[in-house]
Structures are given as C-alpha cells and as structure tokens.
Undergrad: 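Encoded as structure tokens, here's the structure I'll be asking about.
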There are 2 protein chains.
Amino acid sequence: MPSPTTRAYSRYALAAMELLGKMIRLGRLRRKLTAQELAERVGVSRSTLQRIEKGDPKVEFGLMLEAAAIVGIKLFDEDEKGVMALSERADDRIALLPKHIYKAGTQADDDF
Amino acid sequence: MPSPTTRAYSRYALAAMELLGKMIRLGRLRRKLTAQELAERVGVSRSTLQRIEKGDPKVEFGLMLEAAAIVGIKLFDEDEKGVMALSERADDRIALLPKHIYKAGTQADDDF
DNA sequence: GTAGAATGATCTATATATGATCCATATCTA
DNA sequence: TAGATATGGATCATATATAGATCATTCTAC
C-alpha cells in the first residue's frame with residue numbers, strides 16, 4: 001500500500017545493507033580493482049556500483065550478491081554446493097509445515 | 001553497458017538468492033503468518049512478497065533484508081550491534097588501503 | 001610540485017520493478 | 001465433503017532504478 005517513495009527500512013536492515021556495501025568496497029580495494037573495472041565485471045554502470053558500495057537499499061538484490069561474489073564474499077559462509085544443500089534442507093522443512101496459513105477463528109501468531 | 005534485460009547472474013548468486021527466499025518463506029510459515037500479513041509488515045504488496053520468497057534477483061535489496069529481519073533471519077549471524085561493530089572494522093580496514101586504485105603501468109590484479 | 005587518473009556528486013531519459021487486480025487452483029477447518 | 005480462505009500466476013499502469021554523461025575534487029605516481 002505505501003508508495004515505494006515512502007518506504008521505511010528497519011535500522012537492522014539498513015545497518016546490514018551498509019555493512020555489505022563496505023565489505024564489497026573492501027574486497028574491491030584488496031583486489032586492486034578500480035570502480036570502473038568492478039562495475040564492468042558486475043555488468044552495471046559506475047554510478048550503480050557507487051550505490052552498491054554505499055549499501056543503497058534500492059539496488060537490485062541480484063546486483064549486490066553478484067558484486068559480493070565477484071570480490072570473494074560468500075553469504076551464508078558457504079560455497080555453491082553448501083548453499084544448494086541448505087536450499088534442499090529448507091525445502092524439506094517447508095514440506096513438513098502446512099501449505100496454507102489460516103486465520104479464520106485465530107488469535108495471535110507467534111510462539112516457539 | 002548491458003541492458004538490464006540482458007543481465008546475467010552467476011550460479012552462486014542465484015543459488016544464494018533462492019536460498020534466502022526459501023528461508024524467508026520458512027520463517028513466515030513457522031510464525032504462522034499469511035503471505036498477506038507478512039507483505040503488510042514489510043510494506044509491500046502480496047505480489048512482491050511472492051517474488052521475494054522466490055528469490056527473484058530483481059527485487060530491491062532492502063526488501064529482501066527487511067522481510068528476512070521480520071521473520072527472524074539475521075545475515076552475518078549478528079544482531080544490530082554486531083553488525084555495526086563489523087561495519088566499523090570494515091571502515092578501519094578500508095582506511096589502511098589506498099583510496100584510489102591506479103592501473104597506469106600495471107599488470108594483473110589479484111594477490112592477497 | 002605536477003599531470004593524469006580515479007572517485008564523488010548530480011542530472012536526465014529510458015527501461016523496468018512495483019502495486020493493484022483478477023482468475024484458477026490448492027488446501028485447510030469444521 | 002463442503003465452504004471458505006490462501007496461494008500461484010498473469011496482466012497493466014505508474015513510480016522509479018539504472019545507464020550515461022558531465023563537472024569538481026582527491027589521490028597517486030613520477
């Protein structure tokens with residue numbers, strides 16, 4: 001409902017985005033790549049890379065991860081096989097839960 | 001240079017995005033939230049939440065992290081303070097490196 | 001010190017992500 | 001099983017992210 005202009009992000013999300021941006025910049029400098037060079041490898045313009053390294057919440061999710069991967073940052077501390085394994089485990093766990101959530105005559109939500 | 005339509009993502013990045021999407025869905029089901037409910041909390045439409053849970057590379061980076069945070073997924077395995085601490089350490093390390101990277105009479109890039 | 005290169009910041013046009021809506025299907029509750 | 005609700009998918013108009021360009025500034029190598 002809120003127009004994307006009005007969008008608000010939690011402080012935690014903002015901090016995490018900023019951190020990833022800084023990690024990408026650090027990785028780039030360590031690998032002695034210019035902004036232009038990294039931008040080309042990621043497949044974006046230099047201006048977009050600037051936003052990536054600032055941790056701008058509005059950049060494409062895929063671009064952040066692509067840039068991170070190129071400079072050697074692996075989320076989840078896993079290589080490709082590890083990520084795929086985790087993905088299957090997630091599938092398994094999802095399969096154990098109800099497919100739909102019903103709120104007909106329900107009260108709250110949280111527990112565990 | 002490449003039109004955003006043509007954009008290609010590495011397999012690793014794609015796998016990581018898909019994993020995060022599944023983790024978000026798992027978190028939502030465990031907390032017994034309907035798609036509509038989580039979408040409202042994130043501040044997006046249900047259709048966008050569908051793309052988030054699919055790990056669509058084109059959703060805003062901030063939305064992925066916001067949704068993840070709401071269902072209790074913390075990247076970097078850190079709380080807000082931990083993330084900010086890491087952020088400062090990243091600043092320190094960046095400060096130790098040259099501000100500009102020069103490629104005048106240079107050869108390769110990698111080392112570390 | 002100086003020249004040249006990299007970076008930061010800003011602006012505009014255009015491609016596109018998002019919100020809204022609708023329909024069909026699946027699946028839970030009673 | 002029936003009825004109600006959640007979900008998946010597709011479409012379209014609109015707000016907006018991105019590419020590209022320009023200019024000023026900062027830094028490095030020489």
Side-chain angles (χ1 to χ4, degrees), chain A residues 1-9 17 21-22 24-26 28-67 94-107 109, chain B residues 1-9 17 21-22 24-26 28-67 94-107 109:
Chain A
M1 227 102 156
S3 135
T5 315
T6 320
R7 221 188 282 292
Y9 303 93
M17 295 184 265
K22 286 179 183 175
I24 291 172
R25 163 175 279 249
L26 183 56
R28 173 173 72 81
L29 296 178
R30 281 185 171 157
R31 296 188 174 225
K32 297 185 173 54
L33 295 170
T34 66
Q36 182 63 43
E37 285 173 329
L38 180 55
E40 284 171 5
R41 294 199 192 183
V42 177
V44 298
S45 63
R46 189 170 68 90
S47 47
T48 296
L49 181 65
Q50 285 182 344
R51 307 220 328 270
I52 289 173
E53 291 190 348
K54 274 187 202 166
D56 186 329
K58 297 196 169 298
V59 299
E60 280 186 22
F61 179 48
L63 297 183
M64 291 294 301
L65 264 61
E66 192 71 18
I94 289 173
L96 296 178
L97 298 174
K99 276 69 181 156
H100 291 23
I101 304 296
Y102 276 75
K103 289 302 178 60
T106 309
Q107 52 285 21
D109 53 6
Chain B
M1 229 104 159
S3 135
T5 314
T6 320
R7 223 188 280 290
Y9 304 92
M17 295 183 266
K22 285 179 182 176
I24 291 171
R25 163 176 279 250
L26 183 55
R28 173 174 71 81
L29 295 178
R30 281 185 170 159
R31 297 189 175 226
K32 298 186 173 52
L33 295 171
T34 66
Q36 183 62 42
E37 284 174 330
L38 179 54
E40 284 171 7
R41 294 201 192 184
V42 177
V44 298
S45 62
R46 190 168 67 92
S47 45
T48 297
L49 181 66
Q50 285 182 346
R51 307 218 329 266
I52 289 174
E53 291 190 348
K54 275 188 200 166
D56 186 329
K58 297 194 168 299
V59 299
E60 279 186 22
F61 180 48
L63 297 183
M64 291 295 300
L65 264 61
E66 192 69 20
I94 289 173
L96 296 178
L97 298 174
K99 275 67 182 158
H100 292 22
I101 304 297
Y102 277 75
K103 288 303 179 57
T106 309
Q107 52 284 21
D109 54 3

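Because only heavy atoms are used, hydrogens play no part in the values below, and waters and symmetry mates are left out as well, while side chains stay in. Chain A is the first sequence line, chain B the second, and so forth, proteins listed ahead of strands; every chain is numbered from 1. Treat the numbers as computed from the prediction; the structure is a model and nothing was measured.
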Undergrad: Can you find a side chain N or O atom of T48(A) that sits less than 4.0 Å from OP1 or OP2 on dA19(D)?
TA: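 Affirmative; the distance criterion is met.
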Undergrad: Which one, dT7(D), dA6(D), dA19(D), comes nearest to the side chain of S45(A)?
TA: dA19(D)
Undergrad: Identify, between R25(A) and D56(B), the residue whose nearest nucleotide on DNA chain C lies closer to the 5' end.
TA: R25(A)
Undergrad: Can you tell me if the side-chain N/O atoms of K54(A) get under 4.0 Å from OP1 or OP2 in dA9(C)?
TA: yes
Undergrad: Nearest whole Å is fine: how far is dA17(D) P from F61(A) CZ?
TA: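 In whole Å, dA17(D) P lies 17 Å from F61(A) CZ.
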Undergrad: Between the protein and nucleotides 21-28 of chain D, which nitrogen or oxygen pairs are less than 3.5 angstrom apart?
TA:
from: dT26(D); atom 1: O2; to: H100(B); atom 2: NE2; distance (Å): 3.2
from: dC27(D); atom 1: O2; to: Y102(B); atom 2: OH; distance (Å): 2.7
from: dT28(D); atom 1: OP1; to: K99(B); atom 2: N; distance (Å): 3.3

Undergrad: Using a 4.0 Å heavy-atom cut-off across all strands, classify L29(A) as base, sugar-phosphate, or nothing.
TA: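 No contact.
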Undergrad: Kindly write out the residues that satisfy side-chain contact (heavy atoms from CB on, under 4.5 Å) with E53(B), not counting sequence neighbours, or none if the list is empty.
TA: I24(B), R25(B), R28(B), L38(B), L49(B)
Undergrad: Can you measure from CG (L63(B)) to OH (Y9(A)) and round to the nearest 0.5 angstrom?
TA: 5.0 Å
Undergrad: Checking contacts here: which listed nucleotide (dA19(D), dG19(C), dT7(C)) is nearest the side-chain heavy atoms of V44(A)?
TA: dA19(D)
Undergrad: I need the CD-P distance between Q50(A) and dA19(D), as an integer number of Å.
TA: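 My rounded result for the distance is 12 Å.
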Undergrad: Any side-chain heavy atom of K58(B) within less than 4.5 Å of one from R7(B)?
TA: yes
Undergrad: What is the distance, rounded to the nearest whole Å, between atom CG of L49(A) and atom P of dG8(C)?
TA: 9 Å
Undergrad: Once side-chain contact (heavy atoms from CB on, under 4.5 Å) is applied, do any residues pair with E40(B), and if so which ones, sequence neighbours excluded?
TA: Q36(B)
Undergrad: Taking side chain as C-beta onward, heavy atoms only, is L33(B) less than 4.5 Å from R41(B)?
TA: yes
Undergrad: For R28(A) and dA6(C), give me the distance from atom CZ to atom P, rounded to whole Å.
TA: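 About 11 Å, once rounded to whole Å.
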Undergrad: Which heavy-atom pair separates K103(A) from E37(B) by the least distance, and what is that distance?
TA: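 Scanning both residues completely, I find the closest heavy atoms to be NZ-OE1, 2.6 Å.
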Undergrad: dG8(C) P sits how many Å from Q36(A) CD, rounded?
TA: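 Value for this atom pair: 13 Å.
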Undergrad: Whole Å only: how far is the CG atom of L38(A) from the P atom of dA6(C)?
TA: 14 Å
Undergrad: Does T48(A) reach the side chain of D56(A), with side-chain heavy atoms less than 4.5 Å apart?
TA: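 With C-beta onward as the side chain, the pair stays apart.
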Undergrad: For I94(A) and dA26(C), what is the distance between atoms CD1 and C1' respectively, to the nearest whole Å?
TA: 17 Å
Undergrad: Can you check the R7(B) CZ to dT14(C) C1' distance for me, whole Å?
TA: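 Checked: the CZ to C1' distance equals 14 Å.
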